[in-house]
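Input: a single structure, listed below in structure tokens.
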Amino acid sequence: MDVPILDLKAPTAELRADCDEAYRRVMDSGWFLLGSELAAFESEYAKSVESAHCIGVANGLEALQLVLMARGIGPGDEIIVPSNGYIATWLAVTHVGATPVPCEPDPRTYNLDPAHIDALVTPRTKAVLPIHLYGQTADMVAINSEAERRGLFVLEDAAQSHGALCHGRASGALGHAAGHSFYPSKNFGAMADAGAITTDDAGLADRLQHLRNYGCKVRYQNDYIGLNSRLSELQAAFLRVKLLHLMDWNSRRRVLAARYLNQLRGVGDLVLPYVPEWAEPVWHLFVIRTARRDALQAHLTARGVGTQIHYPTPPHLSGAYRDAGWKRGDFPIAEKLAAEVLSLPISPHHSAEQIDYVCESVRSFFDPHA
Ligand SMILES: *Cc1c(COP(=O)(O)O)cnc(C)c1O
């Protein structure tokens with residue numbers, strides 16, 4: 001059996017007729033940017049997140065960057081970011097000239113540990129930027145209360161958590177603003193780069209509408225120094241089709257995650273995903289840990305099971321930050337995770353039989369005689 005980590009043809013195949021219709025609608029309209037598809041998508045997505053405003057932008061990285069720009073964050077300012085996870089979160093901070101201040105994760109949830117925030121705050125700290133890693137929200141009640149005490153802005157990196165809940169509230173409505181990515185492989189993916197910002201802050205939303213379009217909302221009236229970061233009509237039209245299926249697709253992931261959790265409990269030295277009782281994850285990735293990660297990955301590859309490592313190098317040890325002065329040992333939890341994590345196949349388009357085959361393959365690695 002072959003179990004690819006991801007099959008990006010399957011989602012489009014399931015929605016083929018509706019995607020074709022969306023494509024024709026945009027092509028025939030002769031209007032490709034900042035039009036009625038984007039406006040409709042923004043209102044539909046804001047509603048699904050239960051956020052007052054949604055601003056479509058070109059990608060998830062710029063969604064985060066634009067919020068920092070709109071807050072006037074720049075050189076000399078410090079932003080608390082997770083020490084583990086994807087480097088894009090850090091890059092958004094670096095692109096506005098501010099300094100990422102890494103915060104170690106809770107070793108059980110892999111999300112930013114609110115208990116460490118206080119020790120990292122300085123007079124220069126302006127915001128906390130937690131990631132909802134692998135599709136499970138960070139502990140936003142604790143993060144918000146730390147931030148409120150210190151007067152910090154809270155920006156969620158919601159690139160991996162479309163539809164996830166924290167105490168029943170949706171990812172994207174858990175801080176002051178949230179950056180979303182619709183990169184094709186995310187739970188809610190477009191057919192090219194795309195992203196969005198959600199917020200309840202009307203003033204912030206207005207500035208963001210300028211900043212994504214050269215700092216201009218009324219043509220040739222440029223009130224801010226903006227970017228060109230627009231979500232195209234075509235991608236907005238595709239996203240409108242897919243939004244109708246997001247809940248269903250997330251519940252299909254949930255069923256497969258439960259299958260993994262049942263079949264992999266107690267196998268070898270595996271550490272399985274931990275879900276606090278207040279969290280409802282959407283399983284963007286199903287990430288296990290083992291001290292024998294590389295050997296397990298090779299074993300699974302040989303059995304036709306695709307896996308990936310999210311992420312093999314913590315941002316502080318990446319070449320991009322070579323001049324920032326960090327070294328191995330600075331963030332031991334992030335470094336240990338990078339050495340041990342392995343992502344198994346999960347998506348709405350994997351079958352129960354495929355997941356069972358992956359589980360059997362994992363078990364055969366730890367117990368070759370079974
Ligand atoms: C995908 C991702 C991003 C970046 O999104 P793009 O749309 O690829 O720019 C940022 N943060 C996290 C956690 C991501 O997974």
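These numbers come from a predicted model, not from an experiment. FYI, the numbering just counts along the sequence from 1. Excluded from the calculations below are hydrogen atoms, water molecules and symmetry mates; all remaining heavy atoms, backbone and side chain alike, are included.
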Which pairs count as side chain to side chain donor-acceptor pair (under 3.5 Å) when at least one residue sits in residues 54-65, sequence neighbours excluded?
Glu62-Ser229
Less than 3.5 Å apart, any donor N or O on the side chain of Ser48 or His162 sitting next to an acceptor on the other?
no
Would you say the side-chain atoms of Glu78 and Thr122 include a donor-acceptor pair closer than 3.5 Å?
yes
Any side-chain donor-acceptor pair under 3.5 Å between Asp356 and Gln263?
yes
Does any N or O in the side chain of Glu156 come within less than 3.5 Å of the main-chain N or O of Gly175, such that one atom is a donor and the other an acceptor?
yes
For the pair Asp139 (side chain) and Pro114 (backbone), establish whether a donor and an acceptor sit closer than 3.5 Å, ignoring hydrogens and angles.
no
Going from NE2 on His210 to NZ on Lys217, what distance comes out if it is rounded to the nearest 0.5 angstrom?
5.5 Å
Tell me if a side-chain donor or acceptor on Glu340 pairs with a main-chain N or O of Arg293 at a distance below 3.5 Å.
no
Taking Glu233 for the side chain and Glu37 for the main chain, is one N or O donor matched with an acceptor at less than 3.5 Å?
yes
Any idea how Trp90 and Trp326 line up, ring-wise: parallel (<30°), tilted (30 to 60°), or perpendicular (>60°)?
perpendicular
With Glu104 as partner, the option from Ile333, Asp113, Leu337, Asn84 fulfilling side-chain contact (heavy atoms from CB on, under 4.5 Å) is Ile333
Note: Arg240-Glu44 ion pair, threshold 4.0 Å (strictly below):
yes
Using side-chain heavy atoms (C-beta onward) and a distance below 4.5 Å, is Val305 in contact with His299?
no
Heavy-atom closest pair (Ala98 atom, Ile73 atom, distance to 0.1 Å) is CB-CG2, 3.9 Å
Here the gap from Arg253 atom CZ to Ser347 atom OG, rounded to the nearest 0.5 Å, amounts to 6.0 Å
Check against side-chain contact (heavy atoms from CB on, under 4.5 Å), Lys242 and Leu15:
CA-CA 8 Å; Lys242 286 188 152 182; Leu15 308 177; 3.8 Å; yes
Verify the ring-centre separation between Tyr45 and Phe188: is it less than 6.0 angstrom?
yes
Short question: side chain of Gln354, backbone of Ser351 - any donor-acceptor pair under 3.5 Å?
yes
Does Leu344 belong to the same Ile/Leu/Val/Met/Phe/Trp/Tyr cluster as Val275, with side-chain heavy atoms less than 4.5 Å apart forming each link?
yes
Would you call Glu360 and Arg363 a salt bridge, using N to O less than 4.0 angstrom?
no
Apply side-chain contact (heavy atoms from CB on, under 4.5 Å) to the pair Ile309 and Leu342, showing each step before the final yes or no.
CA-CA 5 Å; Ile309 297 167; Leu342 187 66; 4.1 Å; yes
Exam field: side chain His132 to backbone Asn111, donor-acceptor pair closer than 3.5 Å
no
Has the side chain of Thr199 got a donor or acceptor atom that lies under 3.5 Å from a matching backbone atom of His176?
yes
Relative to each other, are the rings of His245 and Trp249 parallel, tilted or perpendicular (30° and 60° limits)?
tilted
Would you check, one step at a time, whether the test side-chain contact (heavy atoms from CB on, under 4.5 Å) holds for Leu204 with Phe153?
CA-CA 12 Å; Leu204 184 69; Phe153 186 80; 4.0 Å; yes
Near Phe366 CZ, under 6.0 Å, is it more than 12 heavy atoms from other residues, nucleotides or ligands?
yes
Can you tell whether the side chains of Arg252 and Asp248 come within less than 4.0 Å, N to carboxylate O?
yes
Spell out, as yes or no, whether a donor-acceptor pair under 3.5 Å connects the side chain of Asp157 to the backbone of Val81.
no
Under a 4.5 Å side-chain heavy-atom rule over Ile, Leu, Val, Met, Phe, Trp and Tyr, are Tyr357 and Ile355 clustered together?
yes
Connected to Leu112, directly or through other members, by ILVMFWY side-chain contacts below 4.5 Å are Ile80, Val101, Ile117, Leu120, Val121, Val128, Met140, Ile143, Leu152, Val154, Leu174
Do Tyr134 and Leu272 land in one hydrophobic cluster if side-chain heavy atoms of ILVMFWY residues count as linked below 4.5 Å?
yes
Within the structure provided, determine whether Tyr260 and Trp283 are in side-chain contact (heavy-atom separation under 4.5 Å).
no
I'd like to know if the side chain of His95 reaches the main chain of Ala92, judged simply by a donor and an acceptor atom lying under 3.5 Å from each other, with no hydrogens or angles considered.
no
Are there more than 12 heavy atoms of other residues, nucleotides or ligands under 6.0 Å from atom CE of Met247?
no
OH of Tyr274 to CG of Leu261: how many Å apart, nearest 0.5 Å?
13.0 Å
With the 4.5 Å side-chain cut-off for hydrophobic clustering, are Tyr214 and Val96 part of the same group?
no
List the atom of Gly172, the atom of Ala178, and the distance in Å for their closest heavy-atom pair.
CA-CB, 3.5 Å
Linked, directly or transitively: Leu317 and Tyr311 (ILVMFWY side chains, under 4.5 Å):
no
With a 4.0 Å cut-off, would you call Glu42 and Arg212 a salt bridge?
yes
Identify the two heavy atoms, one from Tyr110 and one from Pro107, that lie closest to each other, and give their separation to 0.1 Å.
CE2-O, 3.3 Å
Side chain Ser361, main chain Arg303, donor-acceptor under 3.5 Å:
no
From CA spacing to verdict: side-chain contact (heavy atoms from CB on, under 4.5 Å), Thr12, Leu8
CA-CA 7 Å; Thr12 319; Leu8 286 177; over 6 Å; no
